[in-house]
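As structure tokens, the structure follows; a few thoughts come after it.
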Amino acid sequence: MSEPASALGHATFDGFASIREIGPLGMITLRARPDTPGLAQAVHRALGLEMPAVRRIVRQGDRAVGWMAPDEWLLILPYAQVGDTLDRLREALGAAHHLAVDVSDARAVFRIEGPKAAEVLMKLTPADLSALAPGELRRSRAAQVACAFWADEAGFTLVSFRSVAGYVMGLLGHSAQAGSALFPS
Amino acid sequence: MLTLECPYCGVWAEETELTPGYEAHLKRSGPGSPDDAFESYMFARKNPKGAHFERWRHAYGCGKWFLAARCTATLEVFGTYPAQVSGPTPGIIAKIRARRPDWEPSE
Amino acid sequence: MSTRLAKGGRLIDRSTAQGFTFNGRHMKGFAGDTLAAALLANDQMLVGRSFKYHRPRGVVASGPEEPNALVNLGTAARLEPNQRATVTELFDGLEAASQNHWPSLDFDVGVLNNYAARMLPAGFYYKTFIHPRPFWKHMFEPVIRQSAGLGRAPKDRDADRYEQAYAHCDVLVIGGGIAGLQAALVAGRAGRRLWLIEQASHWGGRAPVDGLSINGQPADAWVAATVAELSSLPNVTLRLRCTGAGVYDHGYVLADERVADHTPGDGRPKHRLWRLRAGRIVTATGAIERPLSFAGNDIPGVMLAGAVRDFVVNFAVSPGDRTVVVTNNDDAYRTAIALKQAGLDVPVIVDARARADGVLPQAARAMGIRVETGRAIAKVKGGKRVTGVALCLQAGEGAVQEEVACDAVAMSGGWSPVVHLWSHCGGKLTWDDAQVCFRPDPAQPPITHDGSAMVIAAGAANGVLDEAGLLADATAAGAAAAGIAAPEAPGVDNPTAPATEPVWIMPQGAPVALRSKMWLDYQNDVKVSDVQLAAREGYESVEHTKRYTTLGMATDQGKLSNINGLAVLSQALNEAIPQVGTTTFRPPYTPVTLGALAGEARGEIFQPLRRTPIHGWHEDQGAYFEPVGLWRRPYCFPRAGESHEKAVHREILNVRQNVGLLDASTLGKIIVRGPDAGRFLDMLYTGVMSSLPVGKCRYGLMCNENGFLIDDGVVARIDDQTFLCHTTTGGADRIHAHMEDWLQCEWWDWQVFTANVTEQYAQVAVVGPKARALLEKLGGMDVSKEALPFMTFADGTLGGFPVRAYRISFSGELSYEIAVPASHGLAFWQACLAAGADLGLMPYGTEALHVLRAEKGFIMIGDETDGTVIPQDLGLGWAISKKKADYLGKRGQERSFLTDPDRWRLVGLETLDGSVIPDGAYAVDAGVNPNGQRNVQGRVTSTYFSPTLGRGIAMGLIRRGPERMGETVEFPKVGGGSVMARIVDPVFHDKDGEKQNV
Ligand SMILES: [Zn+2]
């Protein structure tokens, strides 16, 4: 079997911030009612992470759990481990009503890095970036498509649907053009 | 362009992050129901000047439907609340009355 | 003549000369000039022609309210029409050209309209061109088109980039004059997240020009200190060249930042449209001076008094050597004083008021300037340039008492607060009799989401035209916006009040000969006499008068003309001004270029283009694409020299004879899981899904509550609790949202979860008699008839790829749809191509797909359905459960008109001559309807040439169609003639389904 191909073959763009398409990352959509017995233990067993609070993402190394909706979480992990992790989750949740599916290939993932990375996103999303709490996962839109993003020390990680990866890369490149920083220092 | 607070995730979403779902609290009229009940369910829509209940979906967010009470004349928002109810909740009615003491629910 | 003065000019840098051209003529200005200032410095008083009469037009204002000085800027890919010279910053190499004239600015043929003005009254177009109708099209329109219009639209693709950006703040202050600065300082010191935007390229507004002193320092120094403090605050963002264009609901503001208008080609975006969301908005937008209505007030050289002052003080440009000042208020005296201080001559100040005893009139008299009260301008003398004025009594009918030679007139009809932004979102106005202006009514502000005031007006924009109260008002506005108690306000040390008196026509009793020379709207050529005519003809509403006369409908949106126009209307109607009211203030405040509104949405990223994992391969093959929703799908794969039609036929025949490969990745795929999943799908689909055995597939139809068909697709049962629902390509997101709607809002106690996994999988259809042979060559799972019969699926591997293989067919052939993870989609596609090379494998596109399904009589959502078709119309009764008590749409389908036996129902159509029925053709019936059109009895829904059958085939909806097999119906063609077609069974090919079930 071939190596899994990311949507854009790790395209990059350098302007006043740098853009990289990364991935594919392993991603699992987990749906369950938040009061499902054993839910937190199952996630902990599968990933070694605690459940995030509302609109937060808990990260450790190459793993993360993000709150997507009151009954939905996004699990992030190395691509090759998705199958085993799904098995462990399903086993741990047993008969409890839930849905766990592999969505690794349905997504494109971008890194936006540099001291002015936020200014790239300010051109695309109506979300208030300066009000973004530490460890917040924000779902919003980037221009005309849905996205989710969170910040870390070096910049932002932005997730979109795979089919619009080229569009999103175009948006990020347009927004990061040299000379177009919003608050030139 | 209005903003509404999603009662599920707490995001103050602007209109472009939402999709509208029109009038809230409609009662479904299924097979065998009389024509007038079906007509009311499918077609007859309230158009009040003042407080109105609407469905909105946080489409570019948590994906959940919620309900909003809004003044159609001023775009004032009295509050938002989860969709899993069959009629306006006492809480939202109180919020409307706090600003519109004379308001009465229609029908 | 207008010239550059030897000294002064607070905004210009005389050490930096800048060359520019106007109508090809080379001119020189200085850094800091506006184009208007530089033109006047070069004695270019004539800058354009008016819209209707092509009258000569000169600069009249000094800011964005300018109606006359509209120019074409730049050339080719940087050409921009209708740019206001008064706000265009000069740069070295600027190219400007006047517009709306032919053949030249100095000699314009259209000026003939001027001499025919008596024949071109208000409403002229409506009155003249109605009859006879053909005359409009063949005579009037071509002539009008030739001579009308302002600038020319650019023909080249815009060379510049534009962008948009979102920002959020607690307080947004619009306007960077002293009121805006003070309001911002109060809110900024209180720690509020604050934005302050100013349309000009410098701070301070009018106060430095007017020589105000604040807390003991000159306005310039106070402005510099305030800006310095604001800049030092981390919570404050300052933007120059940024116009508050529109105020919308819940604190939403569009602001247009002209980033690089003055530095074209430097790589920065030309404009940036800010989408600001503010908790409170302070409008400190100042006031605009009104012209006075006297005969000849449009002759170049007649300017607003404030503008004359701006040109003298800011740019050291004098519009004339001898300037007559005419006014109804004290403020204009400042202009006379400024001119005198610059060493220029002011022969007389003509003041319409009976008395003028304020501080400024006294100062003017003390300088030796002649002041005449109770007087008016009877008419301005001159053609392309003012040469003098004739004076008369304001109280009279214009009998000339005296003529005064001059080459400029500075007029002031009082000041109107800029209430536009206050009004955009519902703020109401009140008429201030004492100050003769509309001002914001603080009792009726625009409100925000919580019912509180969203906009707070400050300073002159709030109707505080008396400088004594200006900064206290701004302080209060800033404090209110910040939610704090107002701190002590700074004061203006030398305040004045304008003491304006209402003067709407000059002289008061002017006869029609004078009134027809009094311009209200300079750009659209609307005169006092036009508004009075409209009133006589019954246009009592200001909104109707506006449209009838075109008053205020030009690109300046009546910034100078509206108040004067409605005052004239109110007098003509004998009503008070507030009873007549204003027209509606609509955004944008000043024009926003289309490039800024489009922002990033141009070219490649005009809209999101969805690509499958195999898209790049299709492009490399030279596939011809068609849009399907936001996807681009290959329509066909033409070979060198092959037409699309030929390619489609080749692809179809190859599927029927060998094997074809289709990229079906765009099909929607939704997982539905839970203890109640079967029950849920039974409500969603018209058929029964809960009884589907694990490992099997079933075709299903979805309807809306009206009963109309909205989507179809194959459902696979993965395990006891899990289903995978396929939707149409366009339907994935819509149907997923539909499912979530019902689960969240109606059946929230049912235990069902859904997930849209459409993009997780690439899906490849392997179709044709050799499909199995191809998959066997790839090797892996058993794909035999026994192991994987028709309408089943299995998980396994093929060619080493993890796959789910479905035995489903949309072509009538032996067919597999293979789902692989998207990141392996391209590799799997290429593996199929390699394995199929000696089996005659060819990729095929959507058009072949359509013809293949039509040959089999399979319906297509969007072709056979249009939102008014129920499954019963399409002969799909077999897919509707008769036993189920309920499903979405069942009640709707019980309605009488949907059970009418006369409904149009699906049939096949076989043309008698083998030709193809035109797309969209209707089947005619006997007789005509009340409109004289042929009655119809049906229509074509899909029509193709079938290469398999070598003839035209079609599907259509015909009245009682299935009961009329063998009958012939007639389809007229566009352009004459008809096609006759026989009603037949819609399945044209392999009626018994033997080929797909092997
Ligand atoms: Zn939400």
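Residue numbering restarts at 1 for every chain, and letters A, B, ... go by the order of the sequence lines. These figures come from a predicted structure and were not determined experimentally.
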Exercise. Any chance NZ of C:Lys883 has more than 12 other-residue heavy atoms, nucleotides or ligands included, within less than 6.0 Å?
Worked result: no

Exercise. Under a 4.5 Å heavy-atom cut-off, does chain C meet the side chain of B:Met42, its backbone, both or neither?
Worked result: side chain

Exercise. Is it the side chain or the backbone of B:Phe43 that comes within 4.5 Å of chain C heavy atoms, both, or neither?
Worked result: side chain

Exercise. From B:Met1 CE over to C:Leu254 CG, what is the distance, rounded to the nearest 0.5 angstrom?
Worked result: 8.0 Å

Problem set entry | Donor-acceptor contact present, side-chain C:His250 to main-chain B:Leu75, <3.5 Å | yes

Problem set entry | Verdict with supporting geometry, C:His449 and B:Leu4, side chain to side chain contact (heavy atoms under 4.5 Å, CB included) | CA-CA 8 Å; C:His449 62 89; B:Leu4 295 171; over 6 Å; no

For this session: Kindly compute the distance separating OG1 (B:Thr74) from CE (C:Met454), expressed to the nearest 0.5 Å.
Result: 11.0 Å

Exercise. Side-chain contact, heavy-atom cut-off 4.5 Å: C:Glu740 with B:Lys64?
Worked result: yes

Problem set entry | Heavy-atom proximity to chain B below 4.5 Å, by part of C:Asp749 | neither

Exercise. Any donor and acceptor pair, going by atom type alone, linking the side chain of B:Arg99 with main-chain N or O of C:Asp450 inside 3.5 Å?
Worked result: yes

Exercise. With distance as the sole criterion, is a donor-acceptor pair present between the side chains of B:Glu15 and C:Tyr252 under 3.5 Å?
Worked result: no

Exercise. In terms of heavy-atom pairs under 4.5 Å, which option from C:Cys745, C:Ser896, C:Ser452, C:Cys425 contacts chain B the most?
Worked result: C:Cys745

For this session: Looking only at non-hydrogen atoms, find the nearest pair between C:Ala737 and B:Arg57 and report the distance.
Result: CB-NH1, 3.5 Å

Problem set entry | For the student: nearest non-hydrogen atoms of C:Ala885 and B:Pro31, plus distance | O-CG, 3.3 Å

Exercise. Does the side chain of B:Phe38 come within less than 4.5 Å of C:Glu894's, by heavy atoms?
Worked result: no

Problem set entry | Short N-O contact, C:Asp741 and B:Arg55, less than 4.0 angstrom | yes

Seminar exercise, completed: Under 4.5 Å to a heavy atom of chain C? For B:Tyr41 that would be side chain

Problem set entry | Distance in Å, C:Gln744 CD paired with B:Tyr8 OH, rounded so as to fall on 0.5 Å steps | 6.5 Å

Exercise. Does a side chain donor of either B:Ser33 or C:Arg891 reach within less than 3.5 Å of an acceptor in the other side chain?
Worked result: yes

Problem set entry | Ion pair B:Arg28/C:Glu746, N-O distance below 4.0 Å | no

